[in-house]
Structures are given as structure tokens and as C-alpha cells.
Amino acid sequence: MGIEDLIPKDKFDDSHIDELNTIDKIEVIPILGTLLGWLKDPNWPVAQALFPVLPRFQFELIDHILEVFHSSDDIWKNEILLLMANFDKENIVILAPEIKRIMTNPTSGERLEGTVDYAKTLLDKFAL
């Protein structure tokens with residue numbers, strides 16, 4: 001079985017979630033962006049299954065998270081900010097400039113989707 005086999009096949013496929021809890025972090029790097037993509041819709045069962053697993057790869061996810069923050073998918077940004085509540089503070093600090101940008105200079109979509117509030121809650125939690 002290759003690393004690509006751990007990628008969910010559809011929104012109901014949580015068959016390899018347990019393996020993600022035990023696999024070496026370095027091995028997962030090639031599929032992290034794809035895994036993060038499953039959080040676009042929090043109602044998908046696979047999103048709910050991945051939510052507690054992905055913080056294990058928080059440092060490795062930083063570049064992918066920045067890509068999300070630079071996208072126009074504000075609902076996905078909200079899910080990422082919720083996910084980050086389970087990160088360690090040192091990784092939040094790395095992402096803090098972009099989170100602060102959302103708070104202080106949000107796009108119209110970020111205002112409309114409440115992303116500003118998610119960003120504020122996260123920064124408050126980590127006292128940043």
C-alpha cells in the first residue's frame with residue numbers, strides 16, 4: 001500500500017484514519033494538502049474523522065494553511081482556524097501574521113462568513 005492509499009476516496013471514506021495516527025510524519029507530507037482539502041465541508045463524515053488527526057501534523061501543514069488563507073474559500077478558512085485551536089502555540093505564532101491580517105484587514109468574504117470572529121477567538125486563546 002502506498003501513501004496515496006491513505007487519501008479518502010469520498011466524503012464517507014474514513015477507512016485509513018487510524019493509520020494516519022501512527023504513520024511517520026515525514027511519510028504523510030506528500031498528501032497533507034489533499035487531506036486538508038477534506039475539511040472544506042465540515043459536514044462530511046471524513047472531515048469530522050480527520051479533524052482530530054490533522055493537528056498531529058501541524059508544523060508540516062503550515063505551508064498548506066497559508067495557501068488556504070490566501071484563497072477565497074472563507075468557509076474553509078473558518079474550518080482551518082477551528083482546527084488550529086488544537087495546535088501548539090509555537091505553530092500559531094508562525095501563522096499569527098496572516099491570522100492578524102484576517103482580523104485587521106479582512107476581505108469582504110471573510111467579513112461575510114465570520115472569519116474575523118474565528119481569527120479573533122484563536123488569537124485570544126493563545127494570547128497573541
Side-chain angles (χ1 to χ4, degrees):
M1 176 167 64
I3 193 67
E4 289 81 20
D5 294 323
L6 299 180
I7 298 171
K9 307 300 181 249
D10 59 53
K11 64 183 178 181
F12 299 104
D13 182 15
D14 63 358
S15 60
H16 296 289
I17 299 297
D18 290 338
E19 292 171 63
L20 290 171
N21 279 318
T22 60
I23 195 166
D24 187 88
K25 290 180 182 182
I26 298 299
E27 291 180 60
V28 177
I29 289 174
I31 65 169
L32 281 177
T34 304
L35 294 176
L36 200 62
W38 284 105
L39 297 187
K40 287 184 177 186
D41 188 330
N43 296 313
W44 291 341
V46 72
Q48 295 171 20
L50 282 168
F51 208 84
V53 175
L54 289 175
R56 179 172 182 256
F57 309 104
Q58 56 191 276
F59 180 76
E60 293 80 10
L61 283 167
I62 288 174
D63 289 339
H64 298 289
I65 290 171
L66 286 171
E67 286 180 31
V68 174
F69 286 161
H70 294 136
S71 78
S72 60
D73 192 333
D74 301 311
I75 294 172
W76 192 14
K77 290 176 194 178
N78 293 348
E79 293 309 307
I80 298 303
L81 290 165
L82 286 172
L83 176 74
M84 291 171 59
N86 298 307
F87 282 17
D88 298 327
K89 186 173 183 173
E90 61 264 17
N91 293 311
I92 301 298
V93 168
I94 294 169
L95 293 161
E98 189 59 28
I99 301 166
K100 290 177 181 177
R101 192 266 329 142
I102 291 169
M103 272 189 52
T104 60
N105 191 22
T107 65
S108 59
E110 288 168 343
R111 272 193 298 280
L112 180 67
E113 294 299 337
T115 310
V116 175
D117 297 327
Y118 287 93
K120 180 178 181 344
T121 298
L122 185 66
L123 291 173
D124 288 349
K125 175 182 179 173
F126 288 97
L128 295 174

Could you grab the distance from atom [atom1] of [X] to atom [atom2] of [Y], nearest 0.5 Å is fine?
X    : Y    : atom1 : atom2 : answer
F59  : I94  : CZ    : CD1   : 5.5 Å
I75  : Y118 : CD1   : OH    : 9.0 Å
H16  : K9   : NE2   : NZ    : 5.5 Å
L39  : L50  : CG    : CG    : 6.0 Å
I80  : E67  : CD1   : CD    : 11.0 Å
L123 : K100 : CG    : NZ    : 6.5 Å

Any idea which heavy atoms bring [X] and [Y] closest together, and the distance?
X    : Y    : answer
A47  : P42  : CB-CA, 4.2 Å
I17  : A49  : CG2-O, 3.7 Å
F51  : L82  : CZ-C, 3.6 Å
M103 : A119 : CG-CB, 3.7 Å

Tell me whether [X] contacts the main-chain N or O of [Y] through its side chain, where contact means a donor paired with an acceptor under 3.5 Å.
X   : Y    : value
N78 : E113 : yes
D13 : D10  : no
W38 : I7   : no
Q48 : P45  : no
E98 : L66  : no
K77 : S71  : yes

### Task
Output every pair passing side-chain hydrogen bond (donor to acceptor under 3.5 Å, both in side chains) with a member in residues 119-128, not counting sequence neighbours, ordered by first then second residue.
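As it turns out, the side-chain hydrogen bond (donor to acceptor under 3.5 Å, both in side chains) pairs with a partner in residues 119-128, which skip direct neighbours, are K120-D124.
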Test item: [X] and [Y] side chains (from C-beta on) under 4.5 Å apart, heavy atoms:
X    : Y    : result
V68  : L36  : yes
F69  : L81  : yes
L95  : M84  : yes
L83  : E79  : no
P8   : D14  : no
E110 : R101 : yes
F126 : I99  : no

Taking only distance into account, with no hydrogens and no angle test, what donor-acceptor pairs under 3.5 Å do side-chain atoms of residues 23-35 form with protein atoms, sequence neighbours excluded?
| unit_1 | atom_1 | unit_2 | atom_2 | d |
| --- | --- | --- | --- | --- |
| D24 | OD2 | I26 | N | 2.9 |
| K25 | NZ | R56 | O | 3.2 |

### Query
Is W76 reachable from L112 through a run of hydrophobic residues whose side-chain heavy atoms are each under 4.5 Å from the next?
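Cluster IDs for L112 and W76 differ.
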